[in-house]
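If you read the sequence from its start, that first residue is 1, and numbering goes on from there.
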Amino acid sequence: MSAAEWRKRCEDEWGLKGAPMPDGLDWKAVYEAKPFGRNLLKNSTPHGLSKDNPPPEPDLPEAPDRGPPHFQPEGDFSGWTTSSEVLPYDTSGIPEGVVICALPQFSWFSMEQVVDLKAEGLWEQLMDEFQPEIAIEDWYEESQLHESIYQLHVKLLGADKKTVISEHTVSPTEDLSQYSHTWKGVSHVFSGYGPGVRYVHFLHRLKNQFLNGFYGTLFADSSVSVRPTKSH
């Protein structure tokens, strides 16, 4: 097929009528990259779980873990940059002079990725002029470890990977008044974000607890995808 035929195929299959389709692009490579409608995050489910199945019930340790606290959950986190932030013990509400044998220690476990939109098959003129919708989705476990167990921060970045063109933050408060253990979904669609977007920085944080054993907050099916729909 000629370059013009590959370009026409991209335009027709993805419904890009009216979008900038410059002559200089390798349209065969763009078509084979299939940049629309697929998850651009790598390793989106490190725990091997799916939102379509209930989250596993936490395992109670057969014996207390007397070793030093650990704050890294198990899983294959390849493709992610990870870090842990151990939080101070919360002694509020404990009367003066009362001796406590053990207190839960909480930590945030952060995972982040940067998606290179051009490397995934999208082109500069499309991002600047057509500005296709960028959809974010994430699912976290209702672990009930704390009233704040999940945070999401997504940024659309310029070519320097520093300039923030648009961003979205989520930090929900959990209802601990009754027991519930399901997946909770978070979603957002970026549209009309303006020219210059070249990268998507995806970061979420999940709270874990150590008290005679490790108890984590799981996640599943994180996604960043681009829709062939013009922003309004």
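Tyr193 and Leu40 end up in the same hydrophobic cluster when Ile, Leu, Val, Met, Phe, Trp and Tyr side chains are linked at under 4.5 Å. When hydrophobic clusters are built by joining Ile, Leu, Val, Met, Phe, Trp and Tyr residues whose side-chain heavy atoms come closer than 4.5 Å, directly or via intermediates, Val114 is not grouped with Val197. Residue Trp139 is not grouped with residue Leu41 when hydrophobic side chains (ILVMFWY) are merged at heavy-atom distances under 4.5 angstrom, including chains of intermediate members. Leu157 and Met111 are assigned to two separate hydrophobic clusters, defined by single-linkage of ILVMFWY side chains at heavy-atom distances under 4.5 Å. Ile134 and Phe130 fall within the same hydrophobic cluster, where Ile, Leu, Val, Met, Phe, Trp and Tyr residues are linked whenever their side-chain heavy atoms come under 4.5 Å apart, directly or through other members.
Tyr179 shares a hydrophobic cluster with no other residue; no ILVMFWY side chain has heavy atoms under 4.5 Å from its own.
Contact check on Asp138 versus Lys51 returns no salt bridge, with no Lys/Arg side-chain nitrogen under 4.0 Å from an Asp/Glu carboxylate oxygen. Salt-bridge formation is not detected for the pair Arg9/Glu32: no Lys NZ or Arg NE/NH1/NH2 atom is positioned less than 4.0 Å from an Asp or Glu carboxylate oxygen.
Atom CD in Glu74 sits 10.5 Å away from atom CG in Leu218 (nearest 0.5 Å). Separating the CG atom in Leu206 from the OG atom in Ser143 is a distance of 8.0 Å, to the nearest 0.5 Å. Rounded to the nearest 0.5 angstrom, Leu117 CG and Tyr199 OH are separated by 9.0 Å. For the atom pair CH2 of Trp14 and CG of Leu126, the computed distance is 10.0 Å after rounding to the nearest 0.5 Å. A distance of 6.0 Å separates SG in Cys10 from CH2 in Trp27, rounded to the nearest 0.5 Å. Atom CG in Leu122 sits 9.5 Å away from atom CG in Asp116 (nearest 0.5 Å).
Remark: Glu167 engages His153 in a side-chain hydrogen bond (donor to acceptor under 3.5 Å, both in side chains) (not counting sequence neighbours). Every residue was checked against the side-chain hydrogen bond (donor to acceptor under 3.5 Å, both in side chains) condition with Lys162, not counting sequence neighbours, and none meets it. Checked against ring-ring contact (aromatic ring centres under 6.0 Å, His included), Trp108 has no partners two or more places apart in sequence or in another chain. Every residue meeting the salt bridge (charged side-chain N to carboxylate O under 4.0 Å, His left out) condition with Asp23, not counting sequence neighbours, appears here in chain and number order: Arg7. When the side-chain hydrogen bond (donor to acceptor under 3.5 Å, both in side chains) test is applied to Lys184, the partners found at least two apart in sequence or on another chain are Glu174.
By the 4.5 Å heavy-atom criterion applied to side chains, Gln131 and Pro195 are counted as neighbours. The side-chain heavy atoms of Lys207 and Ser148, taken from C-beta on, include a pair separated by under 4.5 Å. For the pair Leu49 and Phe219, the minimum side-chain heavy-atom distance is 4.5 Å or more. Annotation: side chain of Lys118 is not in contact with side chain of Trp123 (no heavy-atom distance under 4.5 Å). The shortest distance between side-chain heavy atoms of Leu16 and Met21 falls below 4.5 Å. With contacts defined as side-chain heavy-atom distances shorter than 4.5 Å, the pair Val115/Phe202 does not qualify.
The cationic group of Lys34 lies under 6.0 Å from the six-membered ring centre of Tyr31 and within 45° of the ring axis, placing it in a cation-pi geometry.
Ring-plane geometry between Tyr150 and Tyr140 is classed as parallel, the angle between the planes falling under 30 degrees on a 0 to 90 degree scale with a further cut at 60.
A donor-acceptor contact closer than 3.5 angstrom is absent between the side chains of Gln144 and His181. In summary, the side chains of Glu142 and Thr182 do present a donor paired with an acceptor at a separation below 3.5 Å, with no hydrogens or angles considered.
Counting only distance, with no hydrogens or angles, the side chain of Thr45 and the backbone of Ala220 share no donor-acceptor pair below 3.5 Å. Of the possible donor and acceptor atoms, none in the side chain of Arg198 sits under 3.5 Å from a partner among the backbone N and O of Met127. A donor-acceptor pair is defined here as one N or O able to donate and one able to accept, closer than 3.5 Å; no such pair exists between the side chain of Trp6 and the backbone of Val30.
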Worked verdict on Gln209 versus His146 for side chain to side chain donor-acceptor pair (under 3.5 Å): CA-CA 9 Å; Gln209 173 189 287; His146 190 269; over 6 Å; no

**OP:** Take Leu156 and Val164 through the test side-chain contact (heavy atoms from CB on, under 4.5 Å) and record every step on the way to the result.
**Re:** CA-CA 6 Å; Leu156 305 186; Val164 178; over 6 Å; no

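Annotation: Phe109 is not in aromatic contact with His204 [ring centroid separation under 6.0 Å not met].
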